[in-house]
Amino acid sequence: LSNKGSCLPKLRNRIPTIRNSPGAARMADLHLNIFRRRLADCSDKDRVAMEYAVMRTQVARTTAQRDVTDAVNKSAAGKFKKHGRKLLASLHVPMELQSLDLGVAAGLDPFRTVTLDDAAHLALPQLAQKFRKAAARDLSTQEGLHGLRLRVKPLRYALEIFSVCLDQELLDSLYDQLSALQERLGAINDALEIAQRLDEYMHEMSSVLASGDSPAEGLAAGLARLIAEYRTNGAREHEEFLRWWQGPHAMEFHLLLDRLFGAPPAQPEGSIQGVTRNGEMEVVVRPRGGELFDDAARRNGASTADADQA
């Protein structure tokens, strides 16, 4: 992207605000659904606490909605679209490629433009490598687990974006395993976040509890039971994940990653070639990686020209 004018800095400042603003609302919606399902069949001793959790989370959801609305209004939708159009119009070959002495690969047309298939060969192995690094950390800690969860999402979504470039059978196998992994990690995170939310509600009641209000004490006891339960559930889910991660199913998952992507370096030598024509740089990418790409080409009987057309 070009840094011409002021559109890029302005978008960089506004996009994170808009992107992050729905976070609290989304989390409140998720927790409300969980609380309401629990309320439908909870025991009498926990009912008061669950009703309070639903009511208090509805208040949090209303506050979060105002934050979303404010962020959208402050973005000035008309100007935002204008800056977006200007930014897209400035798309060009990255400057770092223009400064390299790039050779012409034998058998490849140096004047063809970059395709979606080229982008897949660059992006997917790099995302897989970042996932591997996160997976190699200490997953017995919440920090390690959170880091892995953050790396699963972009890899899974990239597989969706580049699905037309990939072998469908291998893609389905990897995607299903990533989805299962994401669900496991999500269940752990949900339990711990719910416990944290209920703990915040407990602290809000501290002044009422100090007055010796009996109904408040009963509510606090119910919240304390729920907090302990969700923390226990989160710890149990975490232990089950660690056992699964060290078992045969996870080993198959790691072998599948190695089979599909290999372990390429961050900047594989010879992976990019280009040539300057009429003052502009056009880039070609030599296909690299694993069977996820190779099998797709063989199965579809695709030639280089077919891949470019795709």
Among the clusters formed by ILVMFWY side chains lying less than 4.5 Å apart, do [X] and [Y] turn up in the same one?
| X | Y | answer |
| --- | --- | --- |
| L170 | L116 | yes |
| L255 | L181 | no |
| L150 | L185 | no |

Does any part of the side chain of [Y], heavy atoms only, come nearer than 4.5 Å to the side chain of [X], both counted from C-beta?
| X | Y | result |
| --- | --- | --- |
| L32 | R37 | no |
| E237 | R184 | no |
| L198 | Y52 | no |
| R151 | K133 | no |
| L226 | Y201 | no |
| T232 | E229 | no |
| I34 | Y230 | yes |
| D117 | V164 | no |

Testing the basics here: between [X] and [Y], what is the closest heavy-atom pair and its distance to 0.1 Å?
| X | Y | result |
| --- | --- | --- |
| C42 | D46 | SG-C, 4.2 Å |
| L257 | A128 | CD2-CB, 4.4 Å |
| M202 | A224 | SD-N, 4.2 Å |
| P125 | A120 | CD-O, 3.6 Å |
| A158 | L124 | CB-CD2, 3.7 Å |
| A134 | G147 | CB-O, 3.9 Å |

> Does the ring center of F131 lie less than 6.0 Å from the ring center of F253?
Replying inline: yes
> Under 6.0 Å between the ring centres of W245 and H254?
Replying inline: yes
Pair [X]-[Y], side-chain donor/acceptor within less than 3.5 Å:
| X | Y | value |
| --- | --- | --- |
| R149 | Q182 | no |
| R61 | Q58 | no |
| Y175 | E160 | yes |

>> Is there a side chain to side chain contact (heavy atoms under 4.5 Å, CB included) between R231 and D199? Walk through the geometry before answering.
In response: CA-CA 11 Å; R231 283 178 176 162; D199 193 49; 3.9 Å; yes
I need the [X] [atom1] to [Y] [atom2] distance, nearest 0.5 Å.
| X | Y | atom1 | atom2 | value |
| --- | --- | --- | --- | --- |
| L148 | R132 | CG | CZ | 13.0 Å |
| I194 | T57 | CD1 | OG1 | 9.0 Å |
| L178 | K153 | CG | NZ | 13.5 Å |
| H146 | E143 | NE2 | CD | 9.5 Å |
| F162 | L171 | CZ | CG | 12.5 Å |
| D190 | N233 | CG | CG | 11.5 Å |

>> Using the rule given for side chain to side chain contact (heavy atoms under 4.5 Å, CB included), can you reason through R225 versus K45, listing the C-alpha separation, both sets of side-chain angles and the distance that settles it, and then say yes or no?
In response: CA-CA 10 Å; R225 284 194 299 272; K45 69 176 182 178; 3.9 Å; yes
> Does a sphere of radius 6.0 Å around CE in M55 hold more than 12 heavy atoms from other residues, nucleotides or ligands, not counting ones at 6.0 Å or beyond?
Replying inline: yes
> How far apart are the C-alpha atoms of R156 and L159, what are their side-chain angles, what is the distance that settles it, and do they pass the side chain to side chain contact (heavy atoms under 4.5 Å, CB included) test?
Replying inline: CA-CA 5 Å; R156 177 184 174 185; L159 289 175; 5.6 Å; no
> Between R56 and E200, does at least one N-O distance fall below 4.0 Å, as a salt bridge requires?
Replying inline: no
>> Using the rule side chain to side chain contact (heavy atoms under 4.5 Å, CB included), only one of L145, T141, L192 pairs with H238; which is it?
In response: L145
